Amino acid sequence: MKRLFPLLLMLISTLCLQAQTIDYKGAEVTLGPRALYVDGSLSAAEAAKSPYIFHSFNEAMSHLQDGTREAPMRVYIAPWVYWVDDPDDGQVRRAEPGSSTPFGMVIRCEALQLLGLTDDAHDTVLASARGQTQGAVGNFTMFDFWGDDLVVKDLTMGNYCDIDLIYPRKPELGRKAKYSAITQAQVSFCHGDRIYAENVRFEARLNLSPLTGSKRVLFKNCHMESTDDSLNKCGVYLHCDLDFWGRQPFGSVDTYGTAFLDCDFHIRHDEAVQAVSKGVGRHALVDVRYHTSGRPVHLAWTFRPEEWLRCYQYNITLDGQPAFVGAAKPYNTVLLDQKAQLAAYRLVEDDGTVLYNTWNLLRGEDDWDPEGIRSHVEALSQRDGRDYGNLPTCLDINVREAALQTGGEPLHLEARTYRHLGYPLLGDRVRWRVQPGYERFVRLAPDGDACTVTAVNREDRTQVFDVIAYTETGLECAVQLTVAPDFVEAPTLIRRPVLEIEEGIATVDYAVEMEGRADESEVTWYRCEI
């Protein structure tokens, strides 16, 4: 209370005296059609003194107009708990026709910025308390944003269907969890590009969905609480801390992967394994610290890793000790410690300062630079003679699995390198190799980024192994091949087969000249009348 009322009194005083201005982090902001102010502590009468002041967040959202990257639509939000959906309304929420998801609010606005007024994200809370079968039919989601250049800063987005809302500034605004069973209670979908969240707390459990559906998105200094199937499948997460209440926080993963840079993972459950995702997908973990309070936990990329998968790690610790992710299939993991590929994620400036290369990851085709680090990256590129702003993060092959037979048609493979989120990038030469020990079963004919694979299995048994595409910088991908030998002439019978039928069981006794090969004969049985 001591922190809350002086700030509110100051804001109200400012509004009364100047009517159209507020103080935002030491700067005077003039309110207007693209600068709205929301303060839940104001009465309706106080807010009515200006067309740009609201005591209701929902009412303010009805007065949005499209902004631009140069002149965004800004909404300044004072400390309070704002219920986007009334938790005391007993009506069950249902999806609109044509949708499977019931939403608390659909917001369509270009270049929208939602800005909390303090540096403590706990102070400004956008809340709901519904989930699947718990006040809704379908996976209730608080927000559905439509528009590019969304910015969310210094606030909390929470679905408190199954968790308590604790609000230290004014405890009476808090609320106990509405239900005890964990269900799909989501926070926000986002249909747009160039999405930026800084110092935002995303709170829910199952299917958290922090701005899920967005294209390029940077989460910086954010906190996330989730169980399974919860995280944004293509995000770049920088300086974030995440609480894992489930074994696999990602459901599906974007083809081109995710990146975690200088993040902390807190394992809150008691399971023996912590995976990154349920679906098989690429991830890069750079300077990531797992925390478990000292109990043993096995770290995995996924519970069902496939041969083609390659994920990247650098400086991973588990309770302060070096750790390896994906030991069940260690070839799924590429260690970046001595790889030039590390520069796609992490650079070191002249004074030893670590610079995480978010410009390279997020620049796309329009040079989006949410952190404003382009000049630093270009200076380091000039220093080292390498373009650090144009490095791929994904190597993909057109085939994941294939079957070949000696004497049959060859297999044509094509590999391509991509920047984050699938922007094609030519440059790094792709090379090809066969899994060690299986080189004699295929012949490779590389041709740039392509490779023709011909089966030359001269032995009797079918072999299963990988062909690996890689770059000298450290990118990898693989194809699992099943390579069968050629058909051979039937062997010569040493003696005539003898058929015996006894107690309803037929057996055949035969002998063939195998010339040292194993007998892999197929016996086909027929029944006929003679």
Side-chain angles (χ1 to χ4, degrees), residues 31-38 40 47 51-77 82-86 89 91 93-116 124-128 130 136-159 185-198 200 202 204 207-219 222 232-235 254 362 364 366 368 370 421:
L31 302 181
R34 289 187 180 173
L36 307 182
Y37 173 68
V38 183
Y52 310 121
I53 299 171
F54 304 88
H55 73 102
S56 163
F57 174 82
N58 292 24
E59 176 66 16
M61 292 302 99
S62 68
H63 289 75
L64 300 178
Q65 59 179 263
D66 284 341
T68 65
R69 296 176 72 176
E70 296 74 24
M73 176 72 232
R74 293 190 173 101
V75 181
Y76 300 92
I77 312 171
Y82 300 91
W83 288 99
V84 174
D85 176 90
D86 184 357
D89 182 349
Q91 184 176 0
R93 303 295 188 255
R94 299 178 184 273
E96 294 293 327
S99 173
S100 61
T101 304
F103 294 107
M105 182 179 294
V106 178
I107 298 177
R108 300 178 184 272
C109 184
E110 297 293 327
L112 171 63
Q113 297 188 359
L114 301 180
L115 308 172
T124 302
V125 180
L126 306 179
S128 61
R130 294 181 189 271
V137 176
N139 296 354
F140 180 85
T141 305
M142 182 164 62
F143 287 118
D144 189 29
F145 292 104
W146 292 79
D148 294 338
D149 300 300
L150 173 68
V151 174
V152 186
K153 293 181 67 174
D154 301 322
L155 53 79
T156 293
M157 289 185 175
N159 191 328
Q186 302 174 164
V187 169
S188 58
F189 290 171
C190 182
H191 313 270
D193 193 13
R194 299 184 299 272
I195 310 301
Y196 181 65
E198 182 180 356
V200 177
F202 295 93
N207 294 20
L208 171 67
S209 298
L211 304 173
T212 295
S214 50
K215 192 176 182 182
R216 286 175 293 172
V217 55
L218 175 62
F219 298 97
C222 291
N232 187 306
K233 66 179 183 179
C234 62
D254 183 79
L362 296 166
D366 57 8
W368 186 46
L421 282 175

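Numbers here simply count residues along the sequence, with the first being 1. Being a predicted model, the structure only gives us computed values, none of them experimental.
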Asks: Do Arg130 and Asn139 come close enough that some side-chain heavy atom pair is under 4.5 Å?
Replies: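 The answer is no, as the side chains (C-beta and beyond) never meet within the 4.5 Å cut-off.
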Asks: Does Ser62 use its side chain to pair, donor to acceptor, with the backbone of Glu59 at less than 3.5 Å?
Replies: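 Such a contact is found between Ser62 side chain and Glu59 backbone.
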Asks: Would you indicate whether the side-chain heavy atoms of Glu198 and Val200 approach each other to under 4.5 Å?
Replies: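 With C-beta onward as the side chain, the pair stays apart.
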Asks: Checking Ser209 side chain against Asn207 main chain: does a donor-acceptor pair fall under 3.5 Å?
Replies: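 Yes, the answer is positive, given that a donor and an acceptor are paired below the 3.5 Å cut-off.
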Asks: So do Leu126 and Trp83 actually touch side chain to side chain, heavy atoms under 4.5 Å?
Replies: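 Not touching, per the 4.5 Å side-chain cut-off.
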Asks: Could you pull out the closest heavy-atom pair between Gly116 and Thr124, with the gap in Å?
Replies: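 It is CA-OG1, 4.1 Å.
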Asks: Taking only residues two or more places apart in sequence, or in another chain, which ones meet His55 in a side-chain hydrogen bond (donor to acceptor under 3.5 Å, both in side chains)?
Replies: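 Scan of His55 (side-chain hydrogen bond (donor to acceptor under 3.5 Å, both in side chains), adjacent residues dropped) gives none.
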Asks: Nearest 0.5 Å, what's the OH-CG distance between Tyr52 and Leu36?
Replies: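 The distance works out to 9.0 Å.
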Asks: Please determine which of Thr101, Asn159, Thr141 meets the side chain to side chain donor-acceptor pair (under 3.5 Å) test together with Gln186.
Replies: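 So, applying the side chain to side chain donor-acceptor pair (under 3.5 Å) to Gln186 and each of Thr101, Asn159, Thr141, only Thr141 qualifies.
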Asks: Who pairs with Glu110 by side-chain hydrogen bond (donor to acceptor under 3.5 Å, both in side chains), at least two apart in sequence or on another chain?
Replies: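 Here no residue qualifies.
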Asks: Hey, is Asp254 close enough to Lys233 for a salt bridge, meaning N to O under 4.0 Å?
Replies: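 Salt bridge absent between Asp254 and Lys233.
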Asks: Return the minimal non-hydrogen interatomic distance between Leu64 and Met61, and the atom names on each side.
Replies: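 Nearest pair, atom of Leu64 first, then Met61: CG-O, 3.3 Å.
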Asks: Is any side-chain heavy atom of Arg74 less than 4.5 Å from a side-chain heavy atom of Leu112?
Replies: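 Result no, sub-4.5 Å side-chain heavy-atom pair not found.
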Asks: Might you point out which heavy atoms bring Asp89 and Gln91 nearest each other, and give the distance in Å?
Replies: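 Minimum heavy-atom separation between Asp89 and Gln91: OD1-N, 2.9 Å.
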Asks: In Å, rounded to the nearest 0.5 Å, how long is the span from NE2 of His191 to CZ of Phe189?
Replies: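 Between His191 NE2 and Phe189 CZ, I get 7.5 Å after rounding to 0.5 Å.
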Asks: Could you go through Asp86 and Arg93, starting from their C-alpha distance and side-chain angles, then the distance that decides it, and tell me whether this counts as salt bridge (Lys or Arg N to Asp or Glu O under 4.0 Å)?
Replies: CA-CA 11 Å; Asp86 184 357; Arg93 303 295 188 255; over 6 Å; no
Asks: Within the side chain of Ser188, is there an N or O that forms a donor-acceptor pair under 3.5 Å with the backbone of Leu211?
Replies: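 Yes; judged by distance alone, with no hydrogens or angles, the pair exists.
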Asks: Applying side chain to side chain contact (heavy atoms under 4.5 Å, CB included) to Tyr76 and Val38, what does each step give before you reach the verdict?
Replies: CA-CA 6 Å; Tyr76 300 92; Val38 183; over 6 Å; no
Asks: Any chance you could measure Leu114, atom CG, to Leu150, atom CG, to the nearest 0.5 Å?
Replies: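 CG of Leu150 is found 6.0 Å from CG of Leu114.
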Asks: Is there a side chain to side chain contact (heavy atoms under 4.5 Å, CB included) between Val217 and Cys190 once you walk through the steps?
Replies: CA-CA 10 Å; Val217 55; Cys190 182; over 6 Å; no
Asks: Determine, stepwise, if the pair Val75 / Tyr37 fulfils side chain to side chain contact (heavy atoms under 4.5 Å, CB included).
Replies: CA-CA 6 Å; Val75 181; Tyr37 173 68; over 6 Å; no
Asks: Using 0.5 Å steps for rounding, measure from the CG atom of Leu155 to the CD1 atom of Ile77.
Replies: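 Going from the CG atom of Leu155 to the CD1 atom of Ile77 covers 5.5 Å.
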Asks: Hey, what's the ring geometry for Phe57 with Tyr82, parallel, tilted or perpendicular (30° and 60° as the breaks)?
Replies: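 Because their plane-to-plane angle lies in the 30° to 60° range, the rings of Phe57 and Tyr82 count as tilted.
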Asks: Hey, what do you get for CD1 (Ile195) to CG (Asp148), rounding to the nearest 0.5 Å?
Replies: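 Atom-to-atom, Ile195:CD1 and Asp148:CG are 6.5 Å apart.
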Asks: Please step through side chain to side chain contact (heavy atoms under 4.5 Å, CB included) for the pair Met73 and Gln65, ending with a clear verdict.
Replies: CA-CA 7 Å; Met73 176 72 232; Gln65 59 179 263; 4.0 Å; yes
Asks: Less than 3.5 Å apart, any donor N or O on the side chain of Ser214 or Asn232 sitting next to an acceptor on the other?
Replies: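 Per modelled atom types, Ser214 and Asn232 side chains form a pair under 3.5 Å.
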Asks: Within this structure, what is the CZ-SG distance for the pair Arg34 and Cys109, rounded to the nearest 0.5 Å?
Replies: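 Reported value, rounded in 0.5 Å steps: 8.5 Å.
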Asks: Could you tell me whether Phe219 and Phe202 have their ring centroids closer than 6.0 angstrom?
Replies: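 Ring centroids of Phe219 and Phe202 are less than 6.0 Å from each other.
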Asks: Please report the shortest heavy-atom distance between Ala127 and Met142, naming the atom on each side.
Replies: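 In terms of heavy atoms, the two residues are closest at C-SD, 3.3 Å.
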Asks: Should the ring pair Phe54 and His63 be called parallel, tilted or perpendicular, given that the plane angle runs from 0 to 90° and is split at 30 and 60?
Replies: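 The arrangement is tilted - the two ring planes meet at 30° to 60°.
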Asks: Among Leu208, Val187, Val84, exactly one meets side chain to side chain contact (heavy atoms under 4.5 Å, CB included) together with Met157. Which residue is that?
Replies: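 So, applying the side chain to side chain contact (heavy atoms under 4.5 Å, CB included) to Met157 and each of Leu208, Val187, Val84, only Val187 qualifies.
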Asks: Start with the C-alpha gap between Arg108 and Asp66, add the side-chain angles, then the distance that decides, and say whether salt bridge (Lys or Arg N to Asp or Glu O under 4.0 Å) holds.
Replies: CA-CA 8 Å; Arg108 300 178 184 272; Asp66 284 341; over 6 Å; no
Asks: Assess whether atom CZ of Arg94 is packed by more than 12 heavy atoms of other residues, nucleotides or ligands within 6.0 Å.
Replies: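 Result for CZ/Arg94: open.
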Asks: Check whether any side-chain heavy atom of Pro102 lies under 4.5 Å from a side-chain heavy atom of Val137, and answer yes or no.
Replies: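 A side-chain contact under 4.5 Å is absent here.
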Asks: So, for Ala95 and Ser100, which heavy atoms are closest and what is the spacing to 0.1 Å?
Replies: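 Heavy atoms of Ala95 and Ser100 come nearest at CB-C, 3.7 Å.
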Asks: Taking atom types as modelled, is there a side-chain donor on Trp146 or Asp144 under 3.5 Å from an acceptor on the other?
Replies: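 Short answer, yes.
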